[in-house]
S.K.: 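Please read through the structure below; I'll follow up with questions.
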Amino acid sequence: MDRYFDRLDDRWRSLPVGKQHLYTLYFFVGYLLLTVGVVAKVWYDTKQSKNDMHIEHIENPVLKKNESPARLQDTLSTILKNRIYERK
């Protein structure tokens with residue numbers, strides 16, 4: 001891996017300075033266009049959102065259950081009995 005980067009560096013240094021400048025300019029313009037595109041997309045998305053916040057009360061999930069505790073207890077006792085007597 002080290003040799004690859006050394007060869008790449010040697011190839012870069014062997015290019016004329018004008019060509020290095022031109023490649024650097026192309027990479028910078030590409031990076032600039034990408035940055036402008038991302039900033040424009042973020043700006044557009046934040047402009048389109050309504051930023052409405054609906055605040056509601058938090059409901060207790062335990063109180064929301066419609067099942068009676070007796071039914072759950074029966075289910076638990078059935079499971080335990082089936083394990084004891086090895087039923088399926």
S.K.: Strictly by salt bridge (Lys or Arg N to Asp or Glu O under 4.0 Å), give each pair with a member in residues 14-25 just once, sequence neighbours left out.
M.R.: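 Not a single pair qualifies under salt bridge (Lys or Arg N to Asp or Glu O under 4.0 Å).
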S.K.: Which ILVMFWY residues can you reach from L34 by hopping between side chains whose heavy atoms are under 4.5 Å apart?
M.R.: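 Cluster partners of L34: none, it stands alone.
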S.K.: Side-chain donor-acceptor contacts of residues 6-18 below 3.5 Å, not counting sequence neighbours, with atom names and distances?
M.R.:
unit_1 : atom_1 : unit_2 : atom_2 : d
D9     : OD1    : R13    : NE     : 3.4
D9     : OD2    : R13    : NE     : 2.9
S14    : OG     : D10    : O      : 3.4
S14    : OG     : R11    : O      : 2.8

S.K.: In residues 35-42, what donor-acceptor pairs under 3.5 Å come from side-chain atoms, sequence neighbours left out?
M.R.:
unit_1 : atom_1 : unit_2 : atom_2 : d
T35    : OG1    : Y31    : O      : 2.9
K41    : NZ     : D45    : OD1    : 3.1
K41    : NZ     : D45    : OD2    : 3.3

